Amino acid sequence: QKQSGIPPGPFAWPIVGNAFDMGGKYKGKRHRYFDDMQKIYGSIYSFYFGKQLYVVLNDADSIEEAFVKHKSVFSKRPVDAFWIVRESNKSGTGIIWSNDNEWEAKRGLAIQILGESNLEDTVRAETKVVLDALSQSNGKPLAGRELFLNSTVNIISRILLGSRFDGNDPDFLRIIDVVKTSFTSEGTFSMLNMFPKLRFLPFIASKLKIIFDKVGTVRNYLSGQISEHKKQHTKGKLNDLIDVYLSKKDQDDGMKLVSEGDLVSLMLEVFPAASVTTMISLNWALFYMILHSEIQQKCHEEIESVVGTNRMVNWSDRSNLPYTQATLLEIQRVASVTSISLPHTPTNDVVLSGFLIPKDCIVLANLYSCHFDEQTWDEPSVFKPERFLNDAGNPTKPPAFMPFSVGPRSCPGDSLAELELFVFFTNILQKFSLTGSGELSTDGNYAIFLSPPLFLIHAKSRQ
Ligand code: HEM
């Protein structure tokens with residue numbers, strides 16, 4: 001029996017709710033399910049996953065209204081709603097799956113280190129590794145995923161742990177393995193969250209054991225890194241996140257809420273949150289340049305006329321590259337890598353656009369539909385960088401552009417992500433012309449993040 005006043009939505013079956021509606025033609029295309037429901041039920045709709053009520057916000061106005069205007073109500077994560085989260089949180093909580101003062105303290109740590117490190121040098125160093133890989137490929141096909149994963153993991157490793165890894169380092173390979181599970185899993189829509197007892201079925205139990213063992217090994221490695229840092233730590237040394245934590249530990253009352261187990265959990269969350277999202281965005285970026293060779297050429301010409309060919313493109317060149325900037329914004333819009341935000345839950349009953357949003361329901365922002373909303377965007381399915389240029393020819397971001405979501409729970413890594421996208425993208429287009437092969441369809445695959453289909457990059461040096 002649906003509660004009265006809640007947003008409309010599809011008929012929900014007893015016990016399973018709408019869980020099976022997301023299978024069939026929506027398997028691997030869950031963003032399409034969310035988008036189709038929005039076309040039928042409007043900008044705020046609801047559905048049930050098992051017995052859990054979900055409310056989905058589908059346009060910029062409703063997302064702003066909830067996450068910004070009513071931020072004190074909507075900035076909580078439903079940490080107790082998911083078995084997988086409850087299980088992982090036993091060893092310590094990170095940023096994504098914590099609330100209140102603890103969350104604030106950990107988010108503060110992350111924001112501090114993201115502001116302190118010399119990030120551009122780190123990003124440039126990893127960009128050179130990718131440029132070398134492209135040079136050595138001699139036009140032979142490369143998979144984008146493989147091209148960017150090591151580099152994006154190494155960038156965040158430098159920020160969290162203070163160093164990068166050699167590609168064959170066994171600890172690195174174990175981190176990569178754990179990171180990879182985050183774009184092949186069902187995340188919060190796993191059946192395990194609906195029926196936690198499924199974990200006792202032998203084939204699920206053995207799968208879970210493999211995952212938990214892998215995560216446990218990386219957890220031990222990260223704990224070891226904290227111990228190593230403690231041995232060498234000097235006050236005021238702020239080379240990486242662990243240093244910032246150790247420096248603040250004695251001085252800052254907020255840090256009393258953050259144990260070493262919490263710090264490890266934070267790093268375990270941030271490794272995939274930072275690398276997979278950026279790796280997939282870069283993959284989409286090259287995908288769209290392969291699809292639109294005339295736009296690729298226009299970006300290349302702009303880069304060549306501003307920077308030339310004798311030096312790398314820097315972040316400071318950005319303001320002189322408006323068309324390239326607009327192209328990157330358009331890539332982020334159409335890619336909508338985090339097509340659905342992380343879950344939020346209201347702290348009390350609240351009325352939004354006339355609908356009751358009850359305490360303890362789960363609220364999702366459908367950023368994909370927001371980025372393809374016909375009321376906001378002119379011809380949303382057409383790839384058009386110019387839409388991000390104002391009359392004076394400068395890049396501009398309309399309020400409905402929200403790849404990092406909005407409000408207190410929005411992405412704290414947005415500046416780092418933008419830096420990485422810009423530095424990798426521009427330096428690749430400066431030196432290479434790109435063509436592709438394989439599945440060149442814009443209909444992505446959804447597994448927590450929205451990824452491009454399997455395609456191959458052929459990079460030809462321009463020199
Ligand atoms: C293109 C790359 C990225 C995209 C598209 C992206 C997008 C997002 C989105 C949509 C959210 C959820 C916001 C919400 O629930 O309302 C989020 C959260 C988060 N992101 Fe990112 N992100 C990216 C890169 C990064 C990077 C580089 C980092 C780390 C340095 C990072 C760390 C996080 C964390 C820790 C959260 C959870 C915040 C919280 O719960 O307070 N992300 N991101």
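Computed from a predicted model, the values in this text were never measured in an experiment. Just so it is clear, the values below take in all heavy atoms, side chains as well, and ignore hydrogens, waters and symmetry mates. Start at 1 and go down the list; that is how both ligands and their atoms are numbered.
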N/O to N/O under 3.5 Å, ligand 1 against protein:
residue  : atom   : partner : partner atom : Å
ligand 1 : 15 (O) : Arg77   : NH1          : 3.0
ligand 1 : 15 (O) : Arg77   : NH2          : 3.1
ligand 1 : 15 (O) : Leu342  : N            : 3.4
ligand 1 : 15 (O) : His344  : NE2          : 3.0
ligand 1 : 16 (O) : His344  : NE2          : 2.8
ligand 1 : 16 (O) : Ser405  : OG           : 2.7
ligand 1 : 40 (O) : Arg77   : NE           : 3.4
ligand 1 : 40 (O) : Arg77   : NH2          : 2.8
ligand 1 : 40 (O) : Arg409  : NH1          : 2.8
ligand 1 : 41 (O) : Trp103  : NE1          : 2.8
ligand 1 : 41 (O) : Arg107  : NH1          : 2.8

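Take Lys180 and apply the salt bridge (charged side-chain N to carboxylate O under 4.0 Å, His left out) test, not counting sequence neighbours, and it matches no residue.
Note on residues 146-157: no pairs pass side chain to side chain donor-acceptor pair (under 3.5 Å), not counting sequence neighbours. Listed by first and then second residue, the salt bridge (charged side-chain N to carboxylate O under 4.0 Å, His left out) pairs involving residues 313-327 are Arg311-Asp317 (not counting sequence neighbours).
Taking the charged nitrogens against the carboxylate oxygens, Lys298 and Glu302 have no contact shorter than 4.0 Å, which rules out a salt bridge.
In this structure, the side chain of Arg333 engages the main chain of His371 through a donor-acceptor pair within 3.5 Å.
Ring pair Phe49/Tyr54 is perpendicular by interplanar angle, where above 60° counts as perpendicular and below 30° as parallel.
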